[in-house]
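Taking it in order: structure first as structure tokens, then the write-up.
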Amino acid sequence: MSLTTKERIFQGVLDLARQGKNLYTVKVQDIATAAGLGKGTLYEYFASKEAILANTILWSLDRELAGLEDRLAGQRDFDGMLEAMQQYAVEVLTQRGSSYRMIVGALGGVPGRECPPQQVEAALESQKQRVMDLARRIIDTGRREGRIDPACTDDYCIYVLRTALVSSCAGGGLSSCQTLRQNAEHLRTMVRKALA
């Protein structure tokens with residue numbers, strides 16, 4: 001599958017991040033070279049390096065959500081969904097998390113800086129809706145299986161799932177893959193108990 005020009009640009013940024021390049025000091029020409037494009041081509045799509053970096057994060061988040069949706073699509077039961085969700089979080093953290101942190105760090109921690117605010121807000125709102133849809137699918141499956149206490153509200157269930165997911169990723173840079181997997185098992189147990 002061939003990449004679009006924008007995808008080549010985003011992939012170029014990710015390649016630079018994987019190589020450990022300081023994205024704060026990287027120039028648009030460096031991104032163009034990594035993408036195999038001319039510098040002028042990048043400026044046809046983006047007004048600044050910051051816009052390129054911010055859009056790379058938005059594109060990456062969209063791809064990660066698609067990956068999570070695919071993983072959950074293959075699961076039919078509550079436990080399988082919890083495991084798939086947390087395994088995917090660990091995979092993202094261990095395989096791509098440092099690249100994402102480098103990009104966000106180069107933006108001063110603000111992924112939407114130098115992008116049109118409406119574009120960023122619309123993209124983030126769409127991605128938030130996708131996350132909520134996935135959470136509701138997990139919750140609905142748990143309710144159908146009788147794994148979630150009927151007294152638990154959807155808001156509470158979403159809070160528990162979000163807490164478990166964030167906890168899966170906490171301290172990931174300091175933990176081994178094995179430790180992250182063990183923590184994920186403990187967190188799945190915590191989710192089951194919190195919702196039962």
Using a 3.5 Å cut-off and no angle test, enumerate the donor-acceptor pairs between side-chain atoms of residues 16-23 and protein atoms at least two apart in sequence or in another chain.
from: Arg18; atom 1: NH1; to: Leu14; atom 2: O; distance (Å): 3.4
from: Arg18; atom 1: NH1; to: Asp15; atom 2: OD1; distance (Å): 2.7
from: Asn22; atom 1: OD1; to: Tyr24; atom 2: N; distance (Å): 2.9

Main-chain N/O of Arg144 paired to Arg147 side chain as donor or acceptor, under 3.5 Å:
no

Quick one: does any side-chain atom of Asp30 pair with a main-chain N or O of Lys27 as donor and acceptor, under 3.5 Å?
yes

With a 4.5 Å cut-off on side-chain heavy atoms, are [Y] and [X] touching?
| X | Y | result |
| --- | --- | --- |
| Val26 | Val13 | no |
| Gln86 | Arg188 | yes |
| Thr4 | Arg8 | no |
| Leu82 | Leu161 | yes |
| Tyr100 | Val92 | yes |

Could I get the full list of salt bridge (charged side-chain N to carboxylate O under 4.0 Å, His left out) partners for Asp140, not counting sequence neighbours?
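Expected list: none.
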
Minimum-distance pair of heavy atoms, taken over all atoms of [X] and [Y]:
| X | Y | result |
| --- | --- | --- |
| Thr25 | Lys49 | N-NZ, 4.1 Å |
| Ala84 | Gln75 | CB-CG, 3.8 Å |
| Leu93 | Arg101 | CD1-NH1, 3.6 Å |
| Leu58 | Gln127 | O-NE2, 3.1 Å |
| Cys157 | Cys152 | SG-CB, 3.8 Å |
| Trp59 | Gln11 | CH2-OE1, 3.8 Å |

Pairing donors with acceptors under 3.5 angstrom, does anything connect the side chains of Arg63 and Ser60?
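Short answer, no.
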
Pair Phe46, Val28 - check side-chain contact (heavy atoms from CB on, under 4.5 Å), show working.
CA-CA 10 Å; Phe46 304 103; Val28 171; over 6 Å; no

Is the shortest distance from a Lys or Arg side-chain nitrogen in Asp149 or Arg143 to a carboxylate oxygen in the other one below 4.0 Å?
no

From [X] atom [atom1] to [Y] atom [atom2], the distance as rounded to the nearest 0.5 Å:
| X | Y | atom1 | atom2 | value |
| --- | --- | --- | --- | --- |
| Leu65 | Lys128 | CG | NZ | 13.5 Å |
| Ile103 | Thr56 | CD1 | OG1 | 5.5 Å |
| Leu72 | Asp133 | CG | CG | 11.5 Å |
| Thr153 | Ile158 | OG1 | CD1 | 8.5 Å |
| Leu42 | Thr5 | CG | OG1 | 9.5 Å |
| Lys6 | Leu37 | NZ | CG | 13.0 Å |

With Asp77, which residues qualify under side chain to side chain donor-acceptor pair (under 3.5 Å), at least two apart?
none

Run the numbers on Glu145 and Thr141 for side chain to side chain donor-acceptor pair (under 3.5 Å), then give the verdict.
CA-CA 6 Å; Glu145 293 177 7; Thr141 300; 5.9 Å; no

Step-by-step side-chain contact (heavy atoms from CB on, under 4.5 Å) determination, Arg130 to Asp62:
CA-CA 9 Å; Arg130 287 170 67 187; Asp62 188 60; 2.3 Å; yes

Worked check of side-chain contact (heavy atoms from CB on, under 4.5 Å) between Tyr156 and Val160:
CA-CA 6 Å; Tyr156 172 75; Val160 170; 3.6 Å; yes

The test is side-chain contact (heavy atoms from CB on, under 4.5 Å); show your working for Leu53 and Val104 and say whether it passes.
CA-CA 8 Å; Leu53 297 177; Val104 171; over 6 Å; no

Evaluate salt bridge (charged side-chain N to carboxylate O under 4.0 Å, His left out) for Arg71 paired with Glu91, printing each intermediate quantity in order.
CA-CA 12 Å; Arg71 293 279 178 95; Glu91 179 184 311; 2.5 Å; yes

Do Phe10 and Tyr45 have their ring centres less than 6.0 Å from each other?
no

